[in-house]
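Taking it in order: structure first as structure tokens, then the write-up.
First the proteins, then the strands, lettered A, B, ... as listed; each starts at 1.
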Number of protein chains: 2
Amino acid sequence: MANEAQKALIRRLDLVAKLDNDDREALSRLPIAIREVGAGTDIVSEGQRVTQCCILIDGFTHRYRHTFEGKRQIIAFHVPGDIPDLHSLHINVMDHSFAATTRSKIGFVSHEAIWSLCLARPNVAAALWLETLIDGAIFREWIVGLGRLSGKSRTAHLLCELAMRLRSVGLAPDHVYCLPLTQHELADALGLTVVTVNRVLQEFKLEGLLDRDRSRMAIKNWPALARIGEFDSDYLHFRADVDMKASPPTAH
Amino acid sequence: MANEAQKALIRRLDLVAKLDNDDREALSRLPIAIREVGAGTDIVSEGQRVTQCCILIDGFTHRYRHTFEGKRQIIAFHVPGDIPDLHSLHINVMDHSFAATTRSKIGFVSHEAIWSLCLARPNVAAALWLETLIDGAIFREWIVGLGRLSGKSRTAHLLCELAMRLRSVGLAPDHVYCLPLTQHELADALGLTVVTVNRVLQEFKLEGLLDRDRSRMAIKNWPALARIGEFDSDYLHFRADVDMKASPPTAH
DNA sequence: CGGGTTTTTGAGACGGTTCAAGCGGTGTGG
DNA sequence: CCACACCGCTTGAACCGTCTCAAAAACCCG
């Protein structure tokens, strides 16, 4: 499908910023090279100097860092339409790694192309800046969770966040979505161990809050899970006028 | 002293971005209203809609949020020259609060003024965007610490970070600085309790790593403390060519 | 000097870790 | 097509870092 990267990007930006047709037109002319990457591969590594940004088109990706003792902390997960390394536009040397959790389709745009687009269309520049700010808002939310919530709450919060973000791009109708993460990966994001994550998930399942089979995740009792996770989607900063429920994937 | 807000801001931006004289000139003409706020006061509160940004000129401030059970998590600390709520330029409703830790001098600039400066001088826009990205890089660092490091390491890391950031604005020569935080406030930033922070600090003191009296903090063994905290200042993204050691406070 | 906050200390409890082992599905090669 | 190896999930039990509760000591400010 032609232009899928541009479409994913425009769809995402439309969720949070006000673009006009000229902006969308300019975005759809961005030169983007598409490549598939295998599960578990680093797309960009810590310490690397980069001259392009990645747009996630399809699949599941995450960002992470290791401690001296080799423990891994996952810093973020990404859904299609996200530009996980947009910060590299100003900070050229990566201070963490960006990897494909599952086999993923990635679009690559040169910094140059983004720069000239930003200069030509301040509106787009504003949308991209906003995008990096929302990234930061999500970090703040994780900090509060890691610092002050229990393992159970953190887990609930993450499951709600992913549901909400996937739903915003049409990938989680009714809070049912594909979550291709091992419990180990969840643990590394939550600051927990596999053992604890396993027990928490079982507890949730037992209480009828969710249902899981392979990579299928279904949240059966959203209000309860959201309460446990102290989840309120405000920090994702979707535009007030977007109707999440109605948004289906763009037909193709 | 006239223009102190502009000077603090320019000094800070010069640390991370390349500005030319026209940029500095434009920045120094920003209309900034100065106000002093008492210790413990909220400068901007969660949920509030804002139309201006704050520049910390003098004092110590932090950002925080509360959990449902009333636990506080401090999300960030700020040093003079910082614009703690620069994100409000695009995200008008605060998703956390910004408060004065001690009596502080704050400059207020309207969003409008910043917007027109950004449009007129893309260089300044880039510097401000970068500023918000560094904010995000610090969040990532905190996430790794909270998720995967021990209380001891986190404490060491925070003390190193503050030393480095204060030093960059001339407020911590030789790793000696004024740290007007109670152990309770440190605990709320580190995701620990006062009791634990107290014990960790005593341990550090006993091992000769630091010296503390009132609000005076002196790091006596930087390499050792940095090692414990896994601290490497790269994530603060100072320009490669700034010589931290030489930088004295701008004469006034 | 007196009242409030901050720091310090002790002891017991708990959330989450660590270690260790068994289970189940899945893909691969003989 | 079965055997084997591998990876992810599950379970149990001991252990430990950090919390909680509680109270005393030190400090600060008016």
Separation of D:dC19 P from A:Arg148 CZ (nearest whole Å): 7 Å
Toward the 5' end of DNA chain C, by each residue's nearest nucleotide, B:Val194 or A:Val197: B:Val194
A:Lys71 NZ to D:dG17 P, straight-line distance once rounded to whole Å: 11 Å
Side chain to side chain contact (heavy atoms under 4.5 Å, CB included) partner of A:Asp58, the single match among A:Lys105, A:Glu4, A:Arg103: A:Lys105
Per B:Arg212 side chain, nearest of listed nucleotides C:dT7, D:dC19, D:dC9: C:dT7
Pairing of A:Asp174 and A:Arg167 as salt bridge, 4.0 angstrom limit: no
B:His87 ring center near A:Phe139 ring center (under 6.0 Å): no
Member of A:Arg63, A:Gln73, A:His66 meeting the side chain to side chain donor-acceptor pair (under 3.5 Å) criterion with A:His96: A:Arg63
Contact check, side chains of B:Ser104 and B:Leu56, non-hydrogen atoms, under 4.5 Å: yes
Interatomic distance where CG belongs to A:Leu146 and P belongs to C:dG15 [whole Å]: 18 Å
Pairing of A:Arg165 and A:Asp82 as salt bridge, 4.0 angstrom limit: yes
Any N/O donor-acceptor pair, A:Arg199 side-chain to D:dG12 base, under 3.5 Å: yes
Distance in angstrom units between A:Leu149 CG and D:dC19 P, rounded: 14 Å
Selected nucleotide, minimal atom distance to A:Leu192 side chain, candidates D:dC19, C:dG16, D:dG12: C:dG16
Selected nucleotide, minimal atom distance to A:Gln202 side chain, candidates D:dC9, D:dT10, C:dT17: D:dT10
Strand contacts (DNA chain D) in residues 180-190 of chain A, 4.0 angstrom heavy-atom criterion: A:Thr182, A:Gln183
Charged N-O contact under 4.0 Å between B:Glu207 and B:Lys152: yes
For atom CG of B:Asn198 and atom P of D:dA23, their distance in whole Å: 18 Å
A:Val195 side chain, from C-beta outward: closest of C:dG16, D:dT11, D:dC21: D:dT11
A:Thr193 vs A:Arg214, nearer the 5' end of DNA chain C by closest nucleotide: A:Thr193
